[in-house]
Amino acid sequence: MYDRYSQALRSKISVGERNRGRVKNIVILLLVAVVAGLCVYSFPRISSGNELRTLYIQKMQSECDEAIRQTNVLSRNAGADTAANLARIRSNVYSIEQINTLSASLPGETKTLIDGSVLVSLRSGIDTFLSVLATGMDTGEYVTNLQTTLDTVRTLLSELA
């Protein structure tokens, strides 16, 4: 007598419409699978980028701490080992610069972690210190400037962490 609603509906849908519905469902399923695959692929890369950024910051902090320790050892009266200590400090600053340069290539990073002008002023402070040391003048002011600049770098790094 009366057809059920589902039976009546089935009989009114053409074969072409059914095929289009199936194709549409398959396309949606494929798109969902692609998005899920991209998410699974991207999440480990994003987290490894964050881990690498943290590692870079930690390494720069340890280099900065070592440079500060060497600065505290510097003699205020231009001792015999001052040039060697300045060479170690320059090595630490060079390491910080290299890590800072590498940090710009991290995923999601568009610039370096520390502004390059701070590191340039640090390097020029070391150069000035060495030239004054060679003349035999009092170096107390230059030690203080070097310590202040290194403390600035330490502060910048602690703000990143």
Side-chain angles (χ1 to χ4, degrees), residues 22-161:
R22 288 179 185 154
V23 169
K24 182 176 87 173
N25 289 339
I26 290 172
V27 168
I28 290 172
L29 184 63
L30 286 174
L31 287 174
V32 168
V34 167
V35 168
L38 286 174
C39 288
V40 167
Y41 176 73
S42 298
F43 285 139
R45 296 191 68 166
I46 291 170
S47 67
S48 69
N50 290 338
E51 291 170 5
L52 194 57
R53 181 180 190 273
T54 303
L55 182 67
Y56 283 169
I57 292 170
Q58 288 173 349
K59 182 62 178 163
M60 288 194 312
Q61 284 174 332
S62 71
E63 291 291 334
C64 185
D65 290 341
E66 178 62 23
I68 290 171
R69 189 181 71 70
Q70 290 294 327
T71 304
N72 292 334
V73 171
L74 286 175
S75 168
R76 298 257 179 206
N77 297 325
D81 61 341
T82 302
N85 287 339
L86 280 173
R88 287 187 207 105
I89 293 169
R90 184 190 296 268
S91 172
N92 296 124
V93 170
Y94 179 76
S95 295
I96 291 170
E97 287 176 330
Q98 294 306 307
I99 295 168
N100 195 42
T101 302
L102 285 173
S103 69
S105 65
L106 287 173
E109 292 288 334
T110 57
K111 60 180 182 153
T112 57
L113 295 173
I114 297 176
D115 184 24
S117 63
V118 175
L119 298 175
V120 168
S121 70
L122 185 56
R123 224 178 332 121
S124 67
I126 293 171
D127 293 338
T128 305
F129 193 132
L130 276 171
S131 65
V132 168
L133 185 65
T135 63
M137 296 173 56
D138 183 35
T139 59
E141 174 186 347
Y142 299 101
V143 172
T144 305
N145 290 342
L146 189 58
Q147 286 174 333
T148 303
T149 309
L150 282 169
D151 286 338
T152 302
V153 171
R154 178 193 277 172
T155 303
L156 290 172
L157 288 170
S158 65
E159 289 172 359
L160 290 173

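Side-chain atoms of Y142 and I126, non-hydrogen and from C-beta on, never get closer than 4.5 Å to each other.
Under the 3.5 Å distance criterion, the side-chain polar atoms of N85 are left unmatched by any main-chain donor or acceptor of Q70. At distances below 3.5 Å, not a single donor-acceptor pair connects side-chain atoms of T149 with backbone N or O atoms of L122.
Using a 4.0 Å cut-off between charged nitrogen and carboxylate oxygen, E66 and R88 do not count as a salt-bridge pair.
Interatomic distance, I96 CD1 to S91 OG, rounded to the nearest 0.5 Å: 10.0 Å. Y56 contributes atom OH, which lies 10.5 Å from atom OG1 of T101 (distance to the nearest 0.5 angstrom). Residue L146 holds its CG atom at 5.0 Å from CD1 of I89, rounded to the nearest 0.5 Å. Annotation: the span from L160 atom CG to T155 atom OG1 amounts to 11.0 Å, rounded to 0.5 Å. Separating the CD1 atom in I114 from the OG1 atom in T112 is a distance of 8.0 Å, to the nearest 0.5 Å. Separation of atoms OG1 (T139) and CD (E141) is listed at 10.0 Å; rounding is to 0.5 Å.
Here the shortest heavy-atom pairing between L157 and Q61 reads O-NE2, 3.4 Å.
Just one of V118, N100, I68 meets the side chain to side chain contact (heavy atoms under 4.5 Å, CB included) condition when paired with V153; it is V118. M60 pairs with exactly one of L156, L113, N92, L55 by the side chain to side chain contact (heavy atoms under 4.5 Å, CB included) rule, that one being L113. Residue L150 forms a side chain to side chain contact (heavy atoms under 4.5 Å, CB included) with just one option from T71, D65, N72, and that option is T71.
Qualifying salt bridge (charged side-chain N to carboxylate O under 4.0 Å, His left out) partners for D127, counting only residues two or more places apart in sequence or in other chains: R90.
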